Amino acid sequence: MPLEAYKKKRDFKKTNEPSGAVKSTRGNTGKNTYVIQKHQASHLHWDLRLEMGGVLKSWAVPKEPPKTKGLKRLAVQTEDHPVDYAKFHGTIPEGQYGAGTVEIWDSGSFEIEEKKPDELMIDINGKKLKGPYALIRFKKAGPKSWLFFKR
Ligand code: MN
């Protein structure tokens with residue numbers, strides 16, 4: 001069930017994160033939400049989120065995402081988030097999943113150029129990240145590991 005893993009991890013009486021819903025993809029214009037949230041949890045990381053199929057597909061990137069070519073970043077896929085999550089920033093209270101601060105590091109839209117099971121070619125139109133990017137599965141580092149880089 002969509003967003004089940006997301007909901008299971010959170011107590012919405014205690015966190016301000018959106019409880020969320022799957023967004024209708026009807027009338028989709030092809031421009032989808034892109035956001036990166038800087039998340040100071042037990043370990044600092046950047047959460048890359050891309051709207052696909054009515055949810056935000058999500059990856060945790062342990063180092064700052066690259067603005068230029070030449071740097072490849074590990075991106076570990078995490079649970080799908082509701083599309084409303086793209087607007088979330090603030091503090092997740094202590095004791096809750098992902099406790100710490102969330103700030104919107106970059107936002108905008110993206111378009112899919114090519115989508116294969118192990119490869120996603122996208123064009124990002126954000127404020128910090130702009131242009132062609134790739135997400136490529138990196139199985140050597142684990143079943144949820146991808147590499148994220150500018151092409
Ligand atoms: Mn996170």
Side-chain angles (χ1 to χ4, degrees), residues 1-23 25 31-68 71-112 115 117-151:
M1 193 186 265
L3 299 177
E4 192 181 9
Y6 173 85
K7 288 175 182 173
K8 228 179 223 177
K9 288 179 177 191
R10 291 169 175 82
D11 180 348
F12 297 106
K13 290 186 192 106
K14 292 178 179 161
T15 178
N16 289 327
E17 293 166 286
S19 53
V22 176
K23 196 178 138 185
T25 51
K31 288 220 169 179
N32 295 307
T33 296
Y34 144 80
V35 68
I36 294 179
Q37 285 149 323
K38 188 174 176 180
H39 186 183
Q40 179 65 70
S42 50
H43 295 95
L44 174 64
H45 60 274
W46 285 257
D47 286 305
L48 164 67
R49 308 194 197 280
L50 301 172
E51 180 186 352
M52 284 188 270
V55 298
L56 294 176
K57 293 286 168 191
S58 298
W59 292 262
V61 182
K63 289 184 181 171
E64 188 169 292
K67 292 169 196 158
T68 54
L71 284 175
K72 287 190 166 83
R73 293 298 192 217
L74 178 69
V76 180
Q77 193 166 6
T78 58
E79 76 275 16
D80 295 347
H81 279 51
V83 172
D84 283 351
Y85 204 92
K87 296 184 198 105
F88 177 74
H89 57 93
T91 301
I92 301 169
E94 223 170 291
Q96 297 305 298
Y97 180 73
T101 56
V102 175
E103 64 181 86
I104 294 172
W105 183 80
D106 195 21
S107 65
S109 63
F110 79 101
E111 287 174 73
I112 294 175
K115 190 174 183 249
D118 294 345
E119 252 182 57
L120 187 60
M121 300 298 167
I122 54 175
D123 193 60
I124 295 179
N125 184 17
K127 293 173 197 87
K128 287 184 173 134
L129 304 196
K130 291 175 197 289
Y133 277 79
L135 274 155
I136 310 273
R137 239 186 234 282
F138 185 45
K139 284 177 182 151
K140 252 194 258 174
K144 291 180 175 178
S145 296
W146 296 67
L147 288 173
F148 178 57
F149 57 94
K150 186 163 192 181
R151 291 183 279 140

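We're numbering straight along the sequence, starting at 1. We count ligands from 1, going down the list as the structure has it; atoms in each ligand are counted the same way. Since we're looking at a predicted model, the values are computed, not measured.
For the side chain to side chain contact (heavy atoms under 4.5 Å, CB included) test, residues two or more places apart in sequence or in another chain that qualify with Thr78 are Ser58, Ala60.
Ionic pairing of Glu51 and Lys23 is present here: one or more N-O contacts between side-chain nitrogen and carboxylate oxygen are shorter than 4.0 angstrom. Between Glu119 and Arg137 no salt bridge is recorded (no basic side-chain N to carboxylate O distance below 4.0 Å).
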Using atom types as modelled, flag every donor-acceptor pair under 3.5 Å from a side chain in residues 144-151 to any protein atom, sequence neighbours excluded.
| unit_1 | atom_1 | unit_2 | atom_2 | d |
| --- | --- | --- | --- | --- |
| Ser145 | OG | Ala141 | O | 3.0 |
| Trp146 | NE1 | Gln77 | OE1 | 3.3 |
| Lys150 | NZ | Lys130 | O | 2.8 |
| Arg151 | NE | Tyr133 | O | 3.1 |
| Arg151 | NH1 | Glu113 | OE1 | 3.3 |
| Arg151 | NH2 | Glu113 | OE1 | 2.7 |
| Arg151 | NH2 | Ile122 | O | 3.2 |
| Arg151 | NH2 | Tyr133 | O | 3.4 |

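Side-chain N/O atoms of Arg10 and Gln96 include no donor and acceptor closer than 3.5 Å.
Among pairs with a residue in residues 85-95, those fulfilling side-chain hydrogen bond (donor to acceptor under 3.5 Å, both in side chains) read Glu17-Tyr85, at least two apart in sequence or across chains.
For the Mn ion (ligand 1), the set of protein N/O/S atoms nearer than 2.8 Å consists of His39 ND1, His45 NE2, Asp47 OD2, ordered by chain and number.
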